[in-house]
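Heads up, the thing below is written out as structure tokens.
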Amino acid sequence: MITIELENFDLEQICNSGQCFRMKKISENRYAVHAADKYLEIEQEKTLVTFHCEETEFLFFWISYFDLDADYGRYIKAINPRDQYLNRAAETGNGIRILRQDLWEMIVSFLISQQNNIVRIRRCIENICTRFGEEKTTWDGRTYYAFPKPEALAMASEEELRDCNLGYRAKYVAGTARAVAAGEISLEEISSMRYKKAKEQLLTLYGVGEKVADCICLFALHHLEAFPIDTHIRQALDAHYKRGFPNRRYKGMQGVMQQYIFYYELTQKK
DNA sequence: CAACAGGGGACAC
DNA sequence: GTGTCCCCTGTT
């Protein structure tokens with residue numbers, strides 16, 4: 001168990017920022033996180049955050065996962081003081097972190113996300129984990145399921161994937177899983193590529209388009225210059241940035257700004 | 001019951 | 001780059 005003090009860190013904001021689909025609130029101030037094959041419970045009391053895991057796992061996995069070494073105050077300070085909209089957005093989402101999630105998990109998650117709502121996306125992912133993921137045990141003896149490996153999903157039939165509620169997205173997951181399992185594309189190589197190259201490779205996958213590729217680049221590969229444009233962001237850009245988003249000013253941190261905007265739009269609609 | 005929207009993408013032209 | 005289809009499920 002590790003307790004540390006953190007600035008610009010808010011579990012509720014991270015959970016609702018739409019980048020991770022396997023994090024959920026389990027009680028007041030306490031969240032459960034599934035990531036790749038790991039499980040963590042985490043608590044927050046104002047700036048005091050407690051990770052319920054061993055120190056080695058905290059050091060070698062969760063620090064990177066939650067981007068704890070980064071200074072998000074620096075991103076917020078970089079915002080144009082005259083941009084009222086972005087300042088409001090960043091104020092609302094000032095505890096958001098861009099997570100470093102598993103590449104394969106993000107590929108499948110965002111394949112499933114297309115033309116889909118968040119509640120159902122979560123259910124779909126839970127379904128494929130339960131059905132095709134490796135069985136694991138928490139420190140206190142409870143069973144959970146890891147995210148299924150490419151090989152496991154490559155062996156699944158399209159119909160089995162449809163049974164997991166994927167709908168027409170089943171063929172995308174099946175096709176992409178087979179391509180990865182067959183070695184037609186190397187996740188390891190993509191991990192070491194720069195943004196432009198990585199995105200280009202991801203676009204060759206069946207079912208991966210512009211928006212999904214950018215989500216994968218941002219939420220798995222931590223390419224902060226990726227700026228995924230979905231329907232919500234599109235509306236926000238049309239309303240507040242008629243001359244386009246100031247990419248030059250926010251060079252290398254557009255993805256962080258995208259998250260502030262996305263989260264802000266989501267909270268406004270409730 | 002019908003209509004519709006929900007974090008798009010493939011494919012043809 | 002534009003249009004059309006995909007044909008999913010939950011909500012209204």
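Below, chains carry the letters A, B, ... as their sequence lines are ordered, and counting in each starts from 1.
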Listed range with range, the stems formed with DNA chain C by at least 3 consecutive Watson-Crick or G-U pairs (under 3.5 Å) are B:2-6 with C:8-12, B:8-13 with C:1-6
Which part of the nucleic acid, if any, lies within contact of A/R123, taking any heavy atom under 4.0 Å across all strands shown: a base, the sugar-phosphate backbone alone, or nothing? sugar-phosphate
Are A/F66 and A/F58 an aromatic pair, judged by ring center distance below 6.0 Å? no
Against the side chain of A/R120, the closest entry in B/dC11, C/dG10, B/dG8 is C/dG10
Using a cut-off of 4.0 Å on non-hydrogen atoms, how would the nucleic acid contact of A/D230 be classed: base, sugar-phosphate, or nothing? base
Below 4.0 angstrom, which residues in residues 164-177 of chain A have at least one non-hydrogen atom near DNA chain C? A/N165, A/G167, A/Y168, A/R169
So what does A/V119 touch, heavy atoms closer than 4.0 Å: a base, only the sugar-phosphate, or nothing? nothing
So what does A/Q19 hit on the nucleic acid, given a heavy-atom distance under 4.0 Å: a base, only sugar-phosphate, or nothing? base
Kindly point out which of B/dG8, C/dC8, B/dC11 is positioned nearest to the side chain of A/R162? C/dC8
Counting the atoms with a prime plus P, OP1 and OP2 as sugar-phosphate, which does A/L111 contact under 4.0 Å by heavy atoms, base, sugar-phosphate, or nothing? nothing
What is the distance, rounded to the nearest whole Å, between atom CG of A/N116 and atom C1' of C/dT9? 8 Å
Among B/dG9, B/dA10, C/dG10, the one nearest any side-chain atom of A/V212 is B/dG9
Tell me whether the centres of the aromatic rings in A/F110 and A/F219 are closer together than 6.0 Å. yes
A/F51 and A/F9 aromatic ring geometry - parallel, tilted or perpendicular at 30°/60° bounds: tilted
